[in-house]
Amino acid sequence: MDITPVVPPNDAPLEVEHLDCQVMGNEVHVVDDDQLDISTPIPTIELLGSESKIRLFVDCTQPYLVMHLKFMNKFMSIEIVCIDDENKERIFRLSNKTSYVTVDENICKAPIEAKDGWQYVPFDLEDLVANAFGCSYYKCVEITVTGSIRIGKIYFESRRHADIELPTFLRVVHT
């Protein structure tokens, strides 16, 4: 399949213990969110407070990273660690506290517009690596989410998919 799910990893009940991850802070929990589906609340990972963090270990060459996130009008950041075609680590740090883009040898810091509520956030990692660092994307190895936020879904894909093409457990629209 050309889709690699990270959160949730499959259609089984979501449990942080079953993810390939490292949790930091006391406020990382699985909670049901009834804004996603009123009839059947959907389990999500909730992080509360600036010290709460989940680091997801991935090893994925697919170029599109998709995140379905609930921004809660508080501090949050996302760090995406990629490896380029020369086996160098390239890091993207996105935050709602950053107001401008800076790029040095291997770190790109950029703002992310985090309006309150659920947002579908796609990343074209090939394009980001090429534009920020002038090299080619090879794979993503780590995603870290910090602060007050809910994670509904995270997955990689080899091409952009319509919601209806996704496995049921990754869809935003439940029918």
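Ile83 and Val129 fall into different hydrophobic clusters, defined by Ile, Leu, Val, Met, Phe, Trp and Tyr side-chain heavy atoms under 4.5 Å apart, directly or through other members. Hydrophobic clustering (ILVMFWY, side-chain heavy atoms < 4.5 Å, transitive): Ile112 and Val103 are in one cluster. In terms of hydrophobic clustering, with Ile, Leu, Val, Met, Phe, Trp and Tyr side chains grouped at heavy-atom distances under 4.5 Å, Met67 and Val16 are assigned to a common cluster. The hydrophobic cluster containing Leu48 does not contain Ile45, counting ILVMFWY residues as joined when their side-chain heavy atoms lie under 4.5 angstrom apart, directly or transitively. Taken together through direct or relayed side-chain contacts under 4.5 Å among Ile, Leu, Val, Met, Phe, Trp and Tyr, Leu14 and Phe169 form parts of separate hydrophobic clusters.
Leu170 and Val7 get closest at one heavy-atom pair: CD2-O, 4.3 Å. Looking at every heavy atom in both residues, Gly147 comes nearest to Leu47 through O-CB, 3.0 Å. Between Leu19 and Pro9 the shortest heavy-atom distance is CD2-CD, 3.5 Å. Residue Ala114 comes nearest to Gln119 through the heavy atom pair C-NE2, 3.8 Å, listed as atom of the first residue, atom of the second, then distance. Closest of all the heavy-atom pairs between Ile149 and Val145 is CG2-CG1, 3.5 Å.
With rounding to the nearest 0.5 angstrom, the SG atom of Cys108 is 7.5 Å from the CG atom of Leu128. Atoms CZ and OG, on Phe75 and Ser52 in that order, are 11.0 Å from each other to the nearest 0.5 Å. The line from CG of Asn106 to NZ of Lys88 is 8.5 Å long, rounded to the nearest 0.5 Å.
Under the 4.5 angstrom side-chain criterion for Ile, Leu, Val, Met, Phe, Trp and Tyr, Phe57 has no cluster partners at all.
For Lys74, there are no salt bridge (Lys or Arg N to Asp or Glu O under 4.0 Å) partners, not counting sequence neighbours. By the side-chain hydrogen bond (donor to acceptor under 3.5 Å, both in side chains) test, Arg93 pairs with Glu79, sequence neighbours left out. Among residues two or more places apart in sequence or in another chain, the side-chain hydrogen bond (donor to acceptor under 3.5 Å, both in side chains) test is passed with Glu113 by Lys115. Asp127 is linked by a side-chain hydrogen bond (donor to acceptor under 3.5 Å, both in side chains) to Asn131, counting only residues two or more places apart in sequence or in another chain. A search for side-chain hydrogen bond (donor to acceptor under 3.5 Å, both in side chains) contacts involving Ser136 returns nothing, not counting sequence neighbours. Legend: residues meeting salt bridge (Lys or Arg N to Asp or Glu O under 4.0 Å) with Lys53, ordered by chain and number and at least two apart, are absent. Take His18 and apply the side chain to side chain contact (heavy atoms under 4.5 Å, CB included) test, not counting sequence neighbours, and it matches Glu15. With sequence neighbours left out, the salt bridge (Lys or Arg N to Asp or Glu O under 4.0 Å) criterion links Glu105 to no other residue. By the side chain to side chain contact (heavy atoms under 4.5 Å, CB included) test, Glu51 pairs with no residue at all, sequence neighbours left out. Checked against salt bridge (Lys or Arg N to Asp or Glu O under 4.0 Å), Asp59 has the following partners two or more places apart in sequence or in another chain: Lys139.
Residues Ile78 and Leu69 are in side-chain contact: their nearest non-hydrogen atoms beyond the backbone lie under 4.5 Å apart. For the pair Asp32 and Ile42, the minimum side-chain heavy-atom distance is 4.5 Å or more. A heavy-atom distance below 4.5 Å is not found between the side chains of Thr146 and Ser50. At a threshold of 4.5 Å between non-hydrogen side-chain atoms, the residues Arg150 and Asp33 count as touching. Between Leu125 and Ile80 there is a side-chain heavy-atom pair separated by less than 4.5 Å. In this structure, Ser158 and Tyr64 have side chains that are not in contact, with every pair of non-hydrogen atoms separated by 4.5 Å or more. The side-chain heavy atoms of Asp2 and Glu157, taken from C-beta on, include no pair separated by under 4.5 Å. With a 4.5 Å cut-off on side-chain heavy atoms, Ile154 and Leu65 count as touching.
Side-chain atoms of Ser148 never come within 3.5 Å of backbone atoms of Met72 as a donor-acceptor pair (strictly under, hydrogens ignored). One N or O on the side chain of Thr44 and one on the backbone of Val31 form a donor-acceptor pair closer than 3.5 Å. For His161 (side chain) and Arg159 (main-chain N/O), a donor-acceptor pair under 3.5 Å exists by modelled atom type. Using modelled atom types, one side-chain atom of Asn96 and one backbone atom of Met76 make a donor-acceptor pair closer than 3.5 Å.
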Inset, instruction - Could you please spell out the steps behind the salt bridge (charged side-chain N to carboxylate O under 4.0 Å, His left out) verdict for Arg90 and Asp84? - result: CA-CA 7 Å; Arg90 305 298 183 163; Asp84 70 13; 2.9 Å; yes
Legend entry - Check against side chain to side chain contact (heavy atoms under 4.5 Å, CB included), Asp85 and Cys135: CA-CA 7 Å; Asp85 59 339; Cys135 55; 3.9 Å; yes
Inset, instruction - For the pair Leu94 and Ser77, evaluate side chain to side chain contact (heavy atoms under 4.5 Å, CB included) and give the outcome as yes or no after the intermediate values. - result: CA-CA 5 Å; Leu94 311 164; Ser77 69; over 6 Å; no
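For the side chain to side chain contact (heavy atoms under 4.5 Å, CB included) with Ile151, the qualifying choice from Val6, Ile54, Val28 is Ile54, the only one to do so. Paired with Phe156 under the rule side chain to side chain contact (heavy atoms under 4.5 Å, CB included), one option of Val66, Thr61, Ile3, Ile143 passes, and it is Ile143.
For Asn26, the CG atom is loosely surrounded, since the number of other residues' heavy atoms within 6.0 Å does not exceed 12.
A donor atom on one side chain and an acceptor atom on the other are found under 3.5 Å apart for Thr4 and Gln62.
Within the structure, every pair that satisfies the ring pair (Phe, Tyr, Trp, His ring centres under 6.0 Å) test and touches residues 94-146, not counting sequence neighbours, is listed here: His68-Trp118, Phe92-Phe133.
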